[in-house]
Enquirer: 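Here it is: the structure, laid out below.
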Amino acid sequence: MKFHHVIVGGTFDHFHRGHQKLLTQSFKVGEKITVGISLPQLYQNKKHTLSVEGYSIREQYVTDFVN
């Protein structure tokens, strides 16, 4: 079964195999995919905030994998 639009999101910090599986599965089941990458405002009050990679780094990992 194909869904018209699949939306996934996360921090995508330290891009790993779990992220790859999430995105791969999304493309298998969806015709259109939207990927949201968390901004610091969303995770600023959580533990280990200072170790989260910068947005541009996380975005590049996602973009490279998708392409």
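Everything quoted here is computed from the prediction, not taken from an experiment. Computed over heavy atoms, backbone and side chain alike; hydrogens, waters and symmetry mates excluded.
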Enquirer: Quick one: does any side-chain atom of S38 pair with a main-chain N or O of G10 as donor and acceptor, under 3.5 Å?
Expert: yes
Enquirer: If two hydrophobic side chains count as joined below 4.5 Å and joins carry through other members, does I33 share a cluster with V29?
Expert: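 They do share one cluster, since a chain of ILVMFWY contacts under 4.5 Å joins I33 to V29.
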Enquirer: Find out whether I7 and H5 are in side-chain contact, i.e. whether some heavy atom of one side chain is under 4.5 Å from a heavy atom of the other.
Expert: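 Yes, close enough: below the 4.5 Å cut-off.
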Enquirer: Walk me through whether E53 and Y61 qualify under side-chain contact (heavy atoms from CB on, under 4.5 Å).
Expert: CA-CA 11 Å; E53 296 171 314; Y61 280 127; 3.8 Å; yes
Enquirer: Nearest heavy-atom pair of R58 and V52: which atoms, and what distance?
Expert: NE-CG1, 3.9 Å
Enquirer: May I ask you to test the F27-V6 pair for a side-chain heavy-atom distance under 4.5 Å?
Expert: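 Of all side-chain heavy-atom pairs linking V6 with F27, none is under 4.5 Å.
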Enquirer: Would one find more than 12 heavy atoms of other residues, nucleotides or ligands at under 6.0 Å from atom NE2 of H16?
Expert: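 Yes - once you tally the heavy atoms of other residues, nucleotides and ligands closer than 6.0 Å, there are more than 12.
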Enquirer: Is there a continuous path of hydrophobic side-chain contacts, each under 4.5 Å between heavy atoms, that joins Y43 to F12?
Expert: no
Enquirer: What I'd like to find out is whether the side chain of T11 reaches to under 4.5 Å of the side chain of I37, using heavy atoms alone.
Expert: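 Heavy-atom side-chain distance check fails, nothing below 4.5 Å.
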Enquirer: Answer yes if the ring centres of F15 and F65 are under 6.0 angstrom apart, and no otherwise.
Expert: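 That pair passes the under 6.0 Å test.
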Enquirer: So with a 6.0 Å cut-off around NZ of K2, is the heavy-atom count from everything else above 12?
Expert: yes
Enquirer: How long is the span from the NE2 atom in H19 to the CG atom in L22, to the nearest 0.5 Å?
Expert: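 The NE2 atom of H19 sits 8.0 Å away from the CG atom of L22.
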Enquirer: At what distance, to the nearest 0.5 angstrom, does CD of E59 lie from CD1 of I57?
Expert: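 Between E59 CD and I57 CD1, I get 11.5 Å after rounding to 0.5 Å.
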Enquirer: Do F3 and V66 belong together in a cluster built from hydrophobic side chains that touch within less than 4.5 Å?
Expert: yes
Enquirer: Roughly how far apart are T24 OG1 and R17 CZ, rounded to 0.5 Å?
Expert: 11.5 Å
